[in-house]
Student: 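Quick one: this structure, given as structure tokens, is what I'll be asking you about.
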Number of protein chains: 2
Amino acid sequence: MNGKPYIAQRPKRADGRRNYDAILAAARKAFESAGADASLEEIASQAGVAIGTLYRHFPTRAALVEAATRDGLENLVAHAERLAAGPDPLEALLAWMREAVVHFSTFRGLVGILAQSMYDEGTPSHTMCSAMHRSGADLLRAAQAADRVRPDLTPDELFDLLSGAAWVREQATPDRDGSARFLELVLEGITTRG
Amino acid sequence: MNGKPYIAQRPKRADGRRNYDAILAAARKAFESAGADASLEEIASQAGVAIGTLYRHFPTRAALVEAATRDGLENLVAHAERLAAGPDPLEALLAWMREAVVHFSTFRGLVGILAQSMYDEGTPSHTMCSAMHRSGADLLRAAQAADRVRPDLTPDELFDLLSGAAWVREQATPDRDGSARFLELVLEGITTRG
DNA sequence: ACCTGAACACCGTTCAAGT
DNA sequence: ACCTGAACACCGTTCAAGT
């Protein structure tokens, strides 16, 4: 429909770059403690800038969230490539799944944003999400080719399972995090048994 | 910590009851279209009452959500009892799980509220949630006693799986709802195979 | 090119005045 | 016992004025 979604860019001028970095650092801290709907005014004030400066660099909340989580998604993609080179395609997939669940639940509300991004091209994180989606799909295909995962499982279904696990983790309290067990149970359902 | 959570009560006076019902109807509609964080002012205005009247009946958003979903949870408990009387304990559990997932995802944000209520006694829906939790646990225990479900699955784990499925459904668009398949895959992981 | 902060809009929440 | 709506607070968002 509309044009390309706005992707935040690190400014070239020194003062702009300093503020950009300070806002991102404050945003990550705020998201982790208050979730994806943390107060933008609070973030600006923690970063020591006026609210207009935050909006100049990140015109929408989605752009700020995307910038704050870009590194993590890139790491996930890079790690998938390293894992794909390993000997055991099932172990590679499982290790990546565990890592993905942890990243998806970095802060409350993130997994919902990622799930929407996956299927909405109008979203800042859509491109990164698609790349990550492809990484996971590649690992899945390899594990299926080796007859270690049921052949009828699609990449979309894999991501529903991962997102569900991440959501459980996002809801968890330190004393009660069911996401590891959740993933374990899911794996029982998708791995092939001899 | 603090006293009992406030549970909304249907008033005795006719005008109060009329408003109470109108607010609930408007709230259900608003929650379904805008999620659990729908505008309260909009709900009051749709119900034809002043904002103060909404607050008089439902002093917190949680109280309004609880009142709007109380019937559904009661039905779920009642249905569990009927199912428990049936001949096949696995079928009973599965039927109830499917129904629970649908109810948990009545509107965006509900499953998160329910998940919190399950473990936070300070919440209006805690009592209802606990009753529902017991219903599910009973069906689970019966299916395990019949050797149809893995014996090491706990009720808390069952609810994590149900909540994850409901969350996937909550995110879904009409053309893409992966929750049925999600549940199917989960069932592969928890049923015992001969 | 970047920053500031006042200004406006919207919504949640409370409460004094009413019937 | 219940209703009304003004009042206050808080936050998102824009924009004119500045460097």
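Within every chain, numbering begins at 1; the chains are lettered A, B, ... in the order of the sequence lines, protein sequences first and strands thereafter. Because the structure is predicted, anything quoted here is derived from the model rather than measured.
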Student: I need the OH-C1' distance between B/Tyr6 and C/dT13, as an integer number of Å.
Tutor: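 Result: 16 Å.
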Student: Indicate whether OP1 or OP2 belonging to C/dC2 is found under 4.0 Å from a side-chain N or O atom of A/His57.
Tutor: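 For C/dC2, neither OP1 nor OP2 has a side-chain N or O of A/His57 closer than 4.0 Å.
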Student: Distance from B/Asp152 atom CG to B/Glu157 atom CD, nearest 0.5 Å?
Tutor: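 B/Asp152 atom CG to B/Glu157 atom CD measures 7.0 Å (nearest 0.5 Å).
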Student: Among D/dT4, C/dC3, C/dA6, find the nucleotide with the atom closest to the side chain of B/Ala50.
Tutor: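 The listed nucleotide nearest to B/Ala50's side chain is D/dT4.
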Student: One thing to verify: whether A/Asp138 and A/Arg141 come together as a salt bridge, which I'm taking to mean a side-chain N less than 4.0 angstrom from a carboxylate O.
Tutor: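 Result for this pair is yes, salt bridge flagged.
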Student: Quick one: on DNA chain D, does B/Thr53 or A/Glu42 contact a more 5' nucleotide (nearest heavy atom)?
Tutor: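 Checking each residue's closest nucleotide, the 5'-ward one belongs to B/Thr53.
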Student: What does C/dC8 pair with, Watson-Crick or G-U, if both distances are under 3.5 Å?
Tutor: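 Paired with D/dG12.
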Student: Could you check whether A/Ala14 gets within reach of a base, just the sugar-phosphate, or nothing at all, counting any heavy atom under 4.0 Å?
Tutor: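 No contact.
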Student: What's the CD1-P distance between A/Ile51 and D/dA16, to the nearest Å?
Tutor: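 It is 18 Å, rounded to the nearest whole Å.
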Student: Of the nucleotides C/dA6, D/dA6, D/dG12, which one has an atom closest to the side chain of A/Tyr55?
Tutor: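 Nearest to the side-chain atoms of A/Tyr55, counting from C-beta on, is D/dG12.
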Student: Take A/Leu185 and B/Arg150, measure what side chain to side chain contact (heavy atoms under 4.5 Å, CB included) needs, and give me the verdict at the end.
Tutor: CA-CA 10 Å; A/Leu185 291 166; B/Arg150 48 191 293 169; 3.8 Å; yes
Student: A/Asp37 has an atom CG; how far is it from atom P of C/dG12, in whole Å?
Tutor: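 So the two atoms are 14 Å apart, to the nearest Å.
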Student: May I ask you to say what B/Ser39 touches in the nucleic acid, namely base, sugar-phosphate or nothing, with a heavy-atom cut-off under 4.0 Å?
Tutor: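 Touches sugar-phosphate only.
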Student: Take B/Asn19 and B/Glu41, find for each the nucleotide of DNA chain D with the closest heavy atom, and name the residue whose nucleotide sits nearer the 5' end.
Tutor: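 Result of the comparison: B/Asn19.
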Student: Centroid-to-centroid, A/Tyr6 to A/Phe58, below 6.0 Å?
Tutor: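 No, the ring centres sit 6.0 Å or more apart.
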Student: In the strands shown, is D/dC2 matched to any nucleotide by a Watson-Crick or G-U wobble pair with both distances under 3.5 Å, and which?
Tutor: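 Its partner is C/dG18.
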Student: For A/Ser105 and A/Arg169, what are the C-alpha separation, side-chain angles and deciding distance, and is it a side chain to side chain donor-acceptor pair (under 3.5 Å)?
Tutor: CA-CA 6 Å; A/Ser105 54; A/Arg169 196 175 127 94; 2.7 Å; yes
Student: OP1 or OP2 of C/dA1 less than 4.0 angstrom from a side-chain nitrogen or oxygen of A/Arg13, does that happen here?
Tutor: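 Looking at the OP1 and OP2 atoms of C/dA1, neither is under 4.0 Å from any side-chain N or O of A/Arg13.
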Student: Between A/Arg56 and B/Pro59, name the one whose nearest nucleotide on DNA chain C is closer to the 5' end.
Tutor: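 Of the two residues, A/Arg56 wins.
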Student: Where the side chain of A/Val49 is concerned, which of C/dA1, C/dT4, D/dC2 is the nearest nucleotide?
Tutor: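 The answer is C/dT4, which lies nearest to the side chain.
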Student: Write down the distance between CZ (B/Phe58) and P (C/dT14), rounded to a whole number of angstrom.
Tutor: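 Answer to the nearest Å: 16 Å.
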Student: Would you compute the distance between atom CE of B/Met97 and atom CG of B/Leu187 and round it to the nearest 0.5 angstrom?
Tutor: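 Answer rounded to 0.5 Å: 5.0 Å.
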Student: From CZ of B/Arg10 over to P of D/dC2, roughly how many Å is that when rounded to an integer?
Tutor: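 Whole-Å distance recorded here is 12 Å.
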Student: Find the distance A/Arg61:CZ to D/dT14:C1' and express it as a whole number of Å.
Tutor: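 For the pair A/Arg61 CZ and D/dT14 C1', the rounded distance is 16 Å.
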Student: Name the nucleic acid region contacted by A/Gly52, choosing base, sugar-phosphate or nothing; use a 4.0 angstrom heavy-atom cut-off, strictly under.
Tutor: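 Answer is base: heavy atoms of A/Gly52 come under 4.0 Å of a base.
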Student: How close or far is atom P of C/dT13 from atom CG of B/Leu64, stated in whole angstroms?
Tutor: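 Atom-to-atom, B/Leu64 to C/dT13, this comes out as 11 Å.
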Student: To the nearest Å, give me how far apart OH (B/Tyr20) and P (D/dA1) are.
Tutor: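 Nearest whole value for this atom pair: 17 Å.
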Student: Which listed nucleotide (D/dT4, D/dG12, C/dC2) is nearest to the side chain of A/Leu40?
Tutor: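 Nearest nucleotide to the side chain: D/dG12.
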